[in-house]
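Below: the structure, in structure tokens.
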Amino acid sequence: SSPSITVFPSQKVSKINRNIYSGFVEHMGRCIYTGLFDPTNPNKDLIDSNGFRTDVLEALKPLEIPIFRYPGGNFCATYHWQDGIGPLESRPTRPELAWETVETNHFGTDEFMKWCKAVNAEPFLCLNFGTGTLDEAMAWVDYCNGTRDTYYANLRRKNGHEEPYKVKYWALGNEMWGPWQIEQMTQEAYAERALQWSKALKLLDPSIQLILCGKEGASTWDYHTLKHNLQPAGLSDLGEERLPLVDLHSIHLYTASEDHYENVTAPLAAERHIEVCSSLIDLAFIENKIPPEQKRPGIAFDEWNVWDPKRAPGSKGGEENYTLSDALGVAVWLNVFVRKSKDVEMACIAQSVNVLSPLMTNQKGITKQTTWWPYELFCKYMKGHTIAVHVASAAYEGPTKPAWVRAVKETPFLDVSATLDDEGWVNVVVVNLHLESDMETSIGGVKEGSTVKVYTVTGSNAKVSNMGGKEEVKIEESDWDGKNGKFVFPKLSMTLLRWQN
Ligand code: AHR
């Protein structure tokens, strides 16, 4: 039978947290230096007085990216934030062990805060759980957020920043389970350290949100760290108000395959991880007797993307040349976050400039890779509430990566999510994964007489990329009058349909 998609605008599933469109900038390869910060570029018209790339800022600003995570990633595990503040000439250069380079520290906390302001986003800082100490972490929170007459708040003032930065999001380390991590930890050691640090950090600044370092969401590490760190809030034995120590649980996953169908179905593994992780959060609540009315930590999927370090040159596999297949993979990733908006409170594409990024710079300008276009459409339009949608489509039945995806998930050729935004627009993203077939599809739920706005991202074949100097993949805009109630989704495409409800 022919495929059909029926949208139910009045059936809201859950509110979408705009933080799912967040970014990530790490001291890795060309992300910071020559990416967003390029003071020595001879093309002076590309640089503002802070040394920031104006073309990068102008590209990112219209997306209204809510949050940027910084300074890593793996970089955090040896980063001493005090190396990156104060006069440039007194900032030390240090060997950097995650990406095996030398860090000049010319870009640090104050520059990052200024850049966030320039791009109109909130900062999110990741603490050093490798070689860092709790003292250092508390000093960083006080430097950024302190309002009193304290040494570190005064140091910020001395460096020219009178007002506190009010940094809300702080991560308790990054991928501390990874064998590549400086000071890799066991789940027991990490869970206990996170508990002790979070107590102190919340005493220092109760307004912050702490992000626990999980794994991919469906692992004993996730189970153990959640169990150890999710505690009942409320009153202590002494009658003191206790805050929940942990507010979000971070998970990471990267997907990629040279096989198109494996590539575009792999993000469905993330959907499963979110489902399992959400259940682990429930289980920690049950086992620790946390009252159900206490705020449940959301998931921060704070590193996600299509990435295979083996195929990408640059700093340890950092620079991807994205294809149309990868763009469709990114569209499926974003569909996953919209479908799972109840559980996912934040997601950060890894990363935002040059490194595994939809946006590339060279000395003369920028290139928007294939993956830029789905990201732009989601950031601009997939807001408001996730709504119910019924999809009937033939399914892909070949191998998946990982193999278990096919066993636990549906893999329809049409991957769909739908939203109703606060201005009354219905937005439906349909990714046609098929390599050969356009899909004539009945569309139900469109208000009669509506003109449907259509945004299509496609290209001549799965392997085309935008890095050869030609924009092979971009957004095509058109209108659809809803005739016959049937819309043809081209093979290998992402389509956004929008209409006023
Ligand atoms: O985003 C690139 C790297 O991937 C990050 O530094 C690390 O956290 C992950 O392994």
Side-chain angles (χ1 to χ4, degrees), residues 2-8 13 16 20 253 255-257 259-275 301 304-306 322-341 344 347 349 370-371 373-375 377-378 381-382 386-402 404-419 426-445 454-459 462 473 487-498:
S2 69
S4 72
I5 295 173
T6 313
V7 186
F8 300 93
V13 174
I16 297 167
I20 63 172
L253 189 71
T255 58
S257 171
D259 175 84
H260 167 71
Y261 286 121
E262 286 186 353
N263 196 35
V264 291
T265 53
L268 301 175
E271 191 159 16
R272 188 56 161 181
H273 288 167
I274 293 165
E275 286 157 4
F301 218 123
W304 69 268
N305 208 341
V306 177
Y322 285 120
T323 62
L324 173 59
S325 176
D326 299 329
L328 302 183
V330 162
V332 175
W333 262 107
L334 291 164
N335 270 348
V336 166
F337 295 138
V338 170
R339 290 197 289 260
K340 292 291 163 202
S341 59
V344 184
I349 189 168
T370 59
T371 54
W373 304 110
Y375 184 53
L377 287 172
F378 273 83
Y381 299 119
M382 295 301 278
T386 303
I387 53 173
V389 56
H390 178 265
V391 183
S393 136
Y396 162 72
E397 288 180 350
T400 55
K401 188 181 170 188
W404 58 258
V405 169
R406 275 255 299 115
V408 300
K409 299 296 291 179
E410 304 279 316
T411 50
F413 281 113
L414 297 181
D415 189 89
V416 182
S417 74
T419 73
V426 176
N427 306 281
V428 185
V429 166
V430 180
V431 188
N432 180 0
L433 310 177
H434 211 290
L435 275 168
E436 278 125 32
S437 301
D438 299 347
M439 300 266 190
E440 189 182 49
T441 306
S442 308
I443 309 286
V454 182
Y455 302 79
T456 310
V457 179
T458 188
V473 176
F487 188 90
V488 178
F489 296 104
K491 67 181 180 191
L492 286 173
S493 68
M494 167 195 160
T495 307
L496 168 64
L497 302 177
R498 312 188 71 215

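The shortest heavy-atom contact between Thr456 and Ser493 is CG2-CB, 4.4 Å. When all heavy atoms are compared, the tightest approach of Lys401 to Ala266 is O-CB, 3.2 Å. Residues Val7 and Ala418 share a closest heavy-atom pair of CG1-CB, 4.2 Å. Across all non-hydrogen atoms, the minimal contact from Pro402 to Ala269 is CD-CB, 4.0 Å.
Leu328 places none of its side-chain heavy atoms less than 4.5 Å from the side chain of Ser325. Counting heavy atoms from C-beta on, the side chains of Phe378 and Phe337 never come closer than 4.5 Å. Considering only heavy atoms from C-beta on, Leu268 comes within 4.5 Å of Val332 through its side chain.
Between Phe301 and Trp333, the angle of the ring planes goes over 60°, which puts this pair in the perpendicular group of the 30/60° scheme. Under the 30°/60° scheme for interplanar angles, the aromatic rings of Tyr396 and Phe413 are found to stand perpendicular.
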Stepwise side chain to side chain contact (heavy atoms under 4.5 Å, CB included) check, Val429 with Met382: CA-CA 8 Å; Val429 166; Met382 295 301 278; 3.7 Å; yes

Criterion side chain to side chain contact (heavy atoms under 4.5 Å, CB included) on Tyr455 and Asn427, from CA distance to verdict: CA-CA 11 Å; Tyr455 302 79; Asn427 306 281; over 6 Å; no

Val306 vs Thr371, side chain to side chain contact (heavy atoms under 4.5 Å, CB included): CA-CA, chis, key distance, verdict: CA-CA 9 Å; Val306 177; Thr371 54; 5.8 Å; no

Residue pair Val426, Phe8: steps toward the side chain to side chain contact (heavy atoms under 4.5 Å, CB included) verdict: CA-CA 9 Å; Val426 176; Phe8 300 93; over 6 Å; no

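Classification of Asp415 and Lys409 as a salt-bridged pair fails, no side-chain N sitting under 4.0 Å from a carboxylate O.
In this structure Thr386 satisfies the side chain to side chain contact (heavy atoms under 4.5 Å, CB included) test together with Val13, Ser14, Ile16, Val338, Ser341, sequence neighbours excluded. Trp373 is linked by a ring-ring contact (aromatic ring centres under 6.0 Å, His included) to nothing, counting only residues two or more places apart in sequence or in another chain.
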Residues 432-442 side chain polar contacts: donor-acceptor under 3.5 Å, at least two apart:
unit_1	atom_1	unit_2	atom_2	d
Asn432	OD1	His434	N	3.0
Asn432	ND2	Ser437	O	3.0
Asn432	ND2	Phe489	O	3.0
Asn432	ND2	Pro490	O	3.1
His434	ND1	Glu436	N	3.0
His434	ND1	Ser437	N	3.1
Asp438	OD1	Lys491	N	2.8
Thr441	OG1	Met439	O	3.1

